[in-house]
J.: 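Below you will find the structure I want to go over with you.
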Amino acid sequence: MSKSRTIAQRRAIWAWLFLAVPIIYFILVRFYPTLDAFSISFTEWNIVGEKTFVGFDNYVRLWDDPVFWIVLSNTFEYLALGVPISMLLSFIIAYYLDQVRFGHGFLRACYFIPFLTTAVAMAWVWRWFYQPVPIGIINMALGQLGIVQQGFLRSTTQALPAVLAPAIWAGLGFQIIIFIAGIRAIPTSYYEAAKIDGAGAWQVLREITLPQLRPTIIFLTVISSIGFLRIFDQVYNMTQEGEGGPLNATRPLVLNIYKAAFEDFEMGMATAQTVVLFTILLIITIIQLRVLRK
Amino acid sequence: MRLLIAILFTLTVAGPAAAVEIEYWQYSYKTRLDAMDKLIAQFEAENPDITVIHTDFPYAQYRTKVAASVAAGEGPDVVQLYYGWLSDYLSAEILQPLPTSEFPHSEIEDEFFPMVGNMNVKGEYYALPTAVRSLGLFWNKKLFRDAGLDPERPPQTLDELVDMAKKLTKYDRAGNIIQVGLTMGPINQDHNWWREVLVRQFGGAPYNEDTTKVTYDDKAGLKAFQYYADFVLKHNVSVVDFMDKGEIAFKAGRAAMHIDGSFVLSTFQRARRLEWGVTELPSHNAIKANFSSYWVNGITSKAVGEKKAAAEKFLKFITTNQAMQLWLDDVGELPARKAVAMRAENSDHPLYGAFIRGLDYAYTTDFYSEAAQRKTVVDMLDRIVLTGMGVAESLSIAAAEDQKIIDEGRIE
């Protein structure tokens with residue numbers, strides 16, 4: 001390096017040198033495959049042979065495929081149920097957990113453990129919970145209470161929420177920790193001032209806690225939306241042979257992509273669906289950021 | 001035996017350094033892995049210049065790994081695959097044809113069971129089985145006795161199957177089934193039982209001669225499907241996927257009868273306190289039918305030059321009579337060569353016998369996509385059980401879906 005450079009310039013060069021490593025990594029491992037997926041989606045390709053360009057054929061096939069529309073609506077159902085339920089639950093738990101002094105650490109650990117547990121193992125345990133009598137404990141409990149046995153995973157209407165429940169449960173620990181951190185970060189002087197002014201608990205929650213948590217809420221909404229839109233492990237492990245049944249009732253987009261790519265070896269169809277998923281994620285994230293930032 | 005293997009192994013390792021290394025892949029299943037290790041040790045002793053690396057993956061990831069790795073020019077030289085995946089593997093160009101010099105067509109056609117003909121695509125054989133499987137009816141002798149039935153007399157006909165299933169079902173006070181008469185698992189082996197056995201027994205055929213047209217959407221198919229669905233709809237003697245999987249329910253003594261392949265023999269043999277027998281599938285209208293499936297071994301497109309030669313040698317070795325007898329003794333899967341299967345000690349065997357006799361009248365489905373076509377049967381039953389659709393309507397939808405899969409498969 002020539003001596004004519006200023007210290008500031010030299011610093012910038014070093015900074016860029018260090019940054020180059022992750023940037024190159026991201027370009028090679030993230031951006032390039034993403035861009036490549038766009039081009040593959042216009043071809044017919046079985047992973048091994050030559051790609052043949054087919055234009056928008058894959059997208060037209062998707063449009064005409066009734067299963068794709070079921071899958072798409074399932075994906076949005078996971079999102080529409082998963083995000084509000086998990087956000088509400090985790091906020092309530094975090095709000096009260098923050099006020100608990102006795103056994104706080106232990107309780108927090110209890111909520112966090114599912115997040116650390118392998119999704120596969122957990123999915124299988126829940127799969128057995130949901131079985132009919134004589135082995136499913138939920139149905140056995142219902143039977144004791146004199147309630148009719150429920151289909152759960154063997155019902156076209158109950159299967160999706162049944163699969164979603166362990167997914168929400170598993171993600172709860174993470175959301176609670178972030179909420180608690182957010183709540184703790186609110187300056188105590190605000191609360192003290194409110195106390196002096198004689199504000200009630202509800203008012204404090206509405207006027208101070210929730211507005212102050214806005215960045216936390218934005219972050220969690222975006223992260224959990226992406227998570228629910230990409231749900232896979234639970235469905236793959238809780239449905240018979242990972243098919244997302246019964247009658248496609250639980251099949252999400254990512255599972256459909258996986259099946260197209262690695263069971264039917266139709267990479268074009270699979271990447272076309274990833275492009276759809278990418279677009280949905282992009283639009284939803286932009287909308288959420290706009291709405292919540294106001 | 002172990003000492004012998006150890007000695008052989010040491011000899012192989014100490015052998016000439018100019019060795020060819022080939023990779024063999026199969027999915028993880030303990031008895032198969034052990035049997036293959038034995039075969040590899042024998043093979044390496046006979047061919048000290050070849051080393052076989054034996055790799056296995058859980059079944060769930062197996063196909064993905066094979067597809068991805070062969071695509072990248074990595075992975076196995078000799079690969080095990082389910083016969084129903086052949087067309088997928090061919091369209092993915094994973095396999096190369098077997099050379100007629102090493103595997104003469106006349107020999108394959110004379111000595112193997114006829115269903116191996118499915119491995120011949122446009123005049124080339126692509127893979128050969130070590131073992132074949134067929135279906136049998138398992139029954140729990142203790143539950144038969146408890147129900148006042150003769151524990152040594154399983155049902156012989158479809159009508160008897162229904163009658164006995166009724167006597168063998170138990171309910172709790174709320175009317176929920178807590179012991180099924182017959183397991184129902186279309187996603188496991190029942191879809192094969194329905195397609196190749198029941199449809200034929202009711203006078204139909206699942207597909208036309210060259211498997212280009214679905215032919216079960218007719219009276220015979222309807223009767224066959226009605227018969228199958230009635231175990232749930234009318235007789236109330238079964239629950240679909242009871243205890244998650246029929247095999248589990250049977251093993252736990254919660255299912256009196258269960259239709260499954262010869263490959264579950266070892267699972268049930270290991271189950272303690274389970275008193276069971278296995279017999280040929282029940283007949284109907286004096287028609288006997290069975291479904292046969294098999295895993296085959298093929299040479300991947302990745303193997304070239306001396307690796308290809310070594311792979312051919314290895315494939316030849318694992319499809320010999322001796323290899324098949326070892327596979328039967330150790331894994332419990334039926335020999336693919338008639339001469340081995342029909343040895344008296346095999347065809348009269350109390351456990352294997354029923355399956356081997358079944359091979360005589362077995363059919364093999366020429367799948368275009370096994371997973372997708374299986375799903376059409378699973379959904380066909382779910383539509384009527386879960387959404388209350390009529391049997392005939394559901395059958396027609398399934399036939400149309402199946403036809404679509406066939407049509408799309410043929411274009412490729």
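Lettering of chains follows the sequences in order, A, B, ..., and the numbering in each one begins at 1.
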J.: Given heavy-atom pairs under 4.5 angstrom as the criterion, report whether the side chain, backbone, both or neither of B:V66 touches chain A.
T.: neither

J.: Between B:S369 and A:D264, which heavy-atom pair has the shortest distance, and what is it?
T.: OG-OD1, 4.2 Å

J.: Checking side-chain contact (heavy atoms from CB on, under 4.5 Å) for the pair B:N188/A:E241: CA distance, chi angles, key distance, verdict?
T.: CA-CA 9 Å; B:N188 304 121; A:E241 301 284 317; 4.2 Å; yes

J.: Once you round to the nearest 0.5 Å, how far does CD of A:Q131 lie from NZ of B:K245?
T.: 12.5 Å

J.: Side chain, backbone, both or neither: which part of A:Y258 has a heavy atom under 4.5 Å from chain B?
T.: side chain

J.: Which distance, rounded to the nearest 0.5 Å, do you find between the CG of A:L247 and the CE of B:M380?
T.: 12.0 Å

J.: How far does NZ of A:K259 sit from NZ of B:K375, to the nearest 0.5 angstrom?
T.: 9.0 Å

J.: Where on A:I135 is there a heavy atom nearer than 4.5 Å to chain B: the side chain, the backbone, both, or neither?
T.: side chain

J.: Just wondering, are more than 12 heavy atoms of other shown residues or ligands nearer than 6.0 Å to OH in A:Y111?
T.: no

J.: Please classify the contact between B:I248 and chain A as side chain, backbone, both or neither, with a heavy-atom cut-off of under 4.5 Å.
T.: side chain

J.: Tell me whether the count of non-hydrogen atoms from other residues, nucleotides or ligands lying under 6.0 Å of CZ in A:F53 goes above 12.
T.: yes

J.: Report the option among B:D172, B:T387, B:D379 that has the most heavy-atom pairs separated by less than 4.5 Å from atoms of chain A.
T.: B:D379

J.: Can you see which heavy atom on B:R63 is nearest to which on A:F265, and at what distance?
T.: NH2-CE1, 4.0 Å

J.: For A:P246 and B:D382, which heavy atoms make the closest approach, and how far apart are they?
T.: CB-OD2, 3.5 Å

J.: Tell me, yes or no, whether the heavy-atom count around A:F38 atom CZ, taken from other residues, nucleotides or ligands under 6.0 Å, exceeds 12.
T.: yes

J.: Side chain, backbone, both or neither: which part of A:Q240 has an atom under 4.5 Å from a heavy atom of chain B?
T.: both

J.: Quick one: which of B:L386, B:D244, B:V378 has the most heavy-atom pairs under 4.5 Å with chain A, could you say?
T.: B:D244

J.: Which atoms of A:Q149 come close to chain B, meaning under 4.5 Å heavy atom to heavy atom: side chain ones, backbone ones, both, or neither?
T.: side chain

J.: Taking side chain as everything from C-beta outward and backbone as N, CA, C, O, which of these in B:A371 sits under 4.5 Å from a heavy atom of chain A? Side chain, backbone, both or neither.
T.: both

J.: Using heavy-atom distances under 4.5 Å, tell me whether B:R383 contacts chain A through its side chain, its backbone, both, or neither.
T.: both

J.: Give a yes or no on this: more than 12 heavy atoms of other residues, nucleotides or ligands lie within 6.0 Å of atom CZ of A:F56.
T.: no

